[in-house]
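Residue numbering restarts at 1 for every chain, and letters A, B, ... go by the order of the sequence lines.
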Number of protein chains: 2
Amino acid sequence: MKGIPPATVNRLPLYLRCLAECDTQTVSSERLADLAKVNSAKVRKDLSFLGSYGTRGVGYDVAHLTYQIERAMGLTKDWAVAIVGIGNLGSALAAYGGFSEKGFAVLGLFDSDPAKIGTSVGGRKVEALSKLEDAVKKRGLSIGVVTTPASAAQEVADRLTAAGITSILNFAPTVLHVPDGVSVRRVDLSTELQICSYYLNSVSAPT
Amino acid sequence: MKGIPPATVNRLPLYLRCLAECDTQTVSSERLADLAKVNSAKVRKDLSFLGSYGTRGVGYDVAHLTYQIERAMGLTKDWAVAIVGIGNLGSALAAYGGFSEKGFAVLGLFDSDPAKIGTSVGGRKVEALSKLEDAVKKRGLSIGVVTTPASAAQEVADRLTAAGITSILNFAPTVLHVPDGVSVRRVDLSTELQICSYYLNSVSAPT
DNA sequence: AACTGTGAAGAGTTTCACAGCG
DNA sequence: CGCTGTGAAACTCTTCACAGTT
């Protein structure tokens, strides 16, 4: 919509977390920076992309700034999420309370394993993968979370995109190839450990 | 050690994944770039920080390049990992095979809940949190994975660092404050969804 | 001929430093 | 005075383009 730089978009949710921890009515860029462990000039630059919501000499109103970040991130409307692949990780995500906070509703759990279909995970029944397309349309699912094994992930991504999903959060340890206009975020747990390993060797600090 | 740029360090594990998918003996930067969905000049720049391991006119030897990336990332030695907080996510990680691949051994599962202590998760017994310090020393644990609720995460991080851990992978939805010399990587599942939300609104592509 | 390795240009990001407002 | 908002400087990262090697 407006064109917030990607680096800033990545940090706005971090500020939301820190704002939630504030018990004061206003917060300065310095204090928010301490909480978020970033530089205070960066906080001010980041927030300036949203507009001028601070008060000079005072700081930012916590409630108002929270609202403005949520608005800029598109968190004022509710998003329906599908989780595909109900193994250990998929089940954990389905049951994770933090997922359903802040306007995300898990409205579909899918798996191809007949033994899992019909079982209840996090208060919701697991459905057959064949129900995916229909559910995307009927329930307005807009984000697909892929927690299948690597071998199944591409096929699932193909079906998600064919059904009209334009945003995928991929936990499968593989790179998904999707059409233009579909955005994929990759979260690879073993990649994260490998990066930890690098910084264990060299004593320097990470980013 | 050598000083590989952070952006490159973040991508090297991605190349490892793509190299594992190669069935040919050699691979060109162009092909590796296709697999990893990045620009081929970026692949060549990234790999050039490791040394000159390509052959002009041919490409990179898959096995040799894999080894060189593993060496640069510190993956040729084994790292012992502790998981603290054996809830849904901690259990999923403990059971996740991909975690134990590539030289990571989960050698400690800790929780403060007496009901969980002594139960078996992913073939390993959950221990009392009070055993943490002793285990770090005796088993040479070097990476701490924090999967506790946000409220317990800072205390756990304090204990991990006091025990000598210098690398933390934090899944708790909070910012950890640690002494200099300790590196923390934050993986926040709900942050990831929020970023998806932003790119759903604006039709533009993410990073 | 095919492909790497890399200087140099370009884009994006961070940080500084301070003018300007409350 | 304290703190925001922002130009400008500094730095990092990406991409181009091509010389150089096999």
Side-chain angles (χ1 to χ4, degrees), chain A residues 2-15 18-19 22 24-62 64-66 68-69 72 195 198-199 202 204-207, chain B residues 2-15 18-19 22 24-62 64-66 68-69 72 195 198-199 202 204-207:
Chain A
K2 277 175 219 153
I4 302 174
T8 296
V9 170
N10 289 338
R11 276 187 303 266
L12 289 176
L14 170 63
Y15 300 147
C18 297
L19 286 169
C22 282
T24 49
Q25 212 199 325
T26 61
V27 70
S28 67
S29 61
E30 196 85 43
R31 180 148 141 60
L32 196 48
D34 283 352
L35 291 170
K37 299 229 129 190
V38 299
N39 175 298
S40 70
K42 194 184 269 180
V43 170
R44 292 196 298 277
K45 252 281 144 73
D46 283 342
L47 298 183
S48 77
F49 291 112
L50 309 181
S52 274
Y53 298 121
T55 308
R56 289 163 202 245
V58 179
Y60 302 87
D61 182 86
V62 172
H64 187 235
L65 183 57
T66 299
Q68 290 300 341
I69 296 178
I195 296 170
Y198 176 82
Y199 291 110
S202 46
S204 58
T207 312
Chain B
K2 278 176 219 153
I4 301 173
T8 296
V9 170
N10 290 338
R11 276 187 302 265
L12 289 176
L14 170 63
Y15 300 147
C18 298
L19 286 168
C22 282
T24 50
Q25 212 199 326
T26 61
V27 70
S28 66
S29 61
E30 196 84 41
R31 179 145 142 63
L32 197 47
D34 283 352
L35 292 170
K37 299 229 127 189
V38 300
N39 176 297
S40 70
K42 194 185 268 179
V43 170
R44 292 196 298 278
K45 248 284 138 79
D46 283 342
L47 298 182
S48 77
F49 291 113
L50 310 180
S52 274
Y53 298 121
T55 309
R56 288 163 202 245
V58 179
Y60 302 88
D61 182 86
V62 172
H64 187 234
L65 183 56
T66 300
Q68 290 299 341
I69 296 178
I195 296 170
Y198 176 82
Y199 291 110
S202 46
S204 58
T207 313

| task | Scan for salt bridge (Lys or Arg N to Asp or Glu O under 4.0 Å) pairs involving residues 3-14 of chain A, sequence neighbours excluded, and state none if there are none. | result | A:Arg11-A:Asp46
| remark: side-chain contact (heavy atoms from CB on, under 4.5 Å) filter on B:Glu30, not counting sequence neighbours, yields B:Ser28, B:Ser40
| Between D:dC13 atom P and A:Asn10 atom CG, what is the distance in whole Å? | 15 Å
| Rounding to a whole Å, what distance do you find between A:Arg31:CZ and D:dT4:C1'? | 17 Å
| Just how far is it from atom NZ of A:Lys42 to atom OH of A:Tyr15, taken to the nearest 0.5 Å? | 7.0 Å
| said: With rounding to the nearest 0.5 angstrom, report the CZ to OG1 distance, B:Arg31 to B:Thr26. | reply: 9.5 Å
| query | What is the distance from CG of B:Asp61 to P of C:dC3, rounded to the nearest Å? | reply | 15 Å
| Qualifying residues under side-chain contact (heavy atoms from CB on, under 4.5 Å), relative to A:Asp34, sequence neighbours excluded | none
| task | Give the angle between the helix axes at the two ends of the helix from C:dA1-D:dT22 to C:dG22-D:dC1, taking five base pairs at each end and rounding to 10°. | result | 10°
| field | Residues which pass side chain to side chain donor-acceptor pair (under 3.5 Å) with B:Thr66, listed by chain and number, not counting sequence neighbours | value | none
| remark: Here the distance between atom C1' of C:dT4 and atom OH of B:Tyr15, to the nearest Å, is 14 Å
| Base versus backbone protein contacts along nucleotides 15-22 of chain C [heavy-atom cut-off under 4.0 Å; B, S, -] | BBB-BBBS
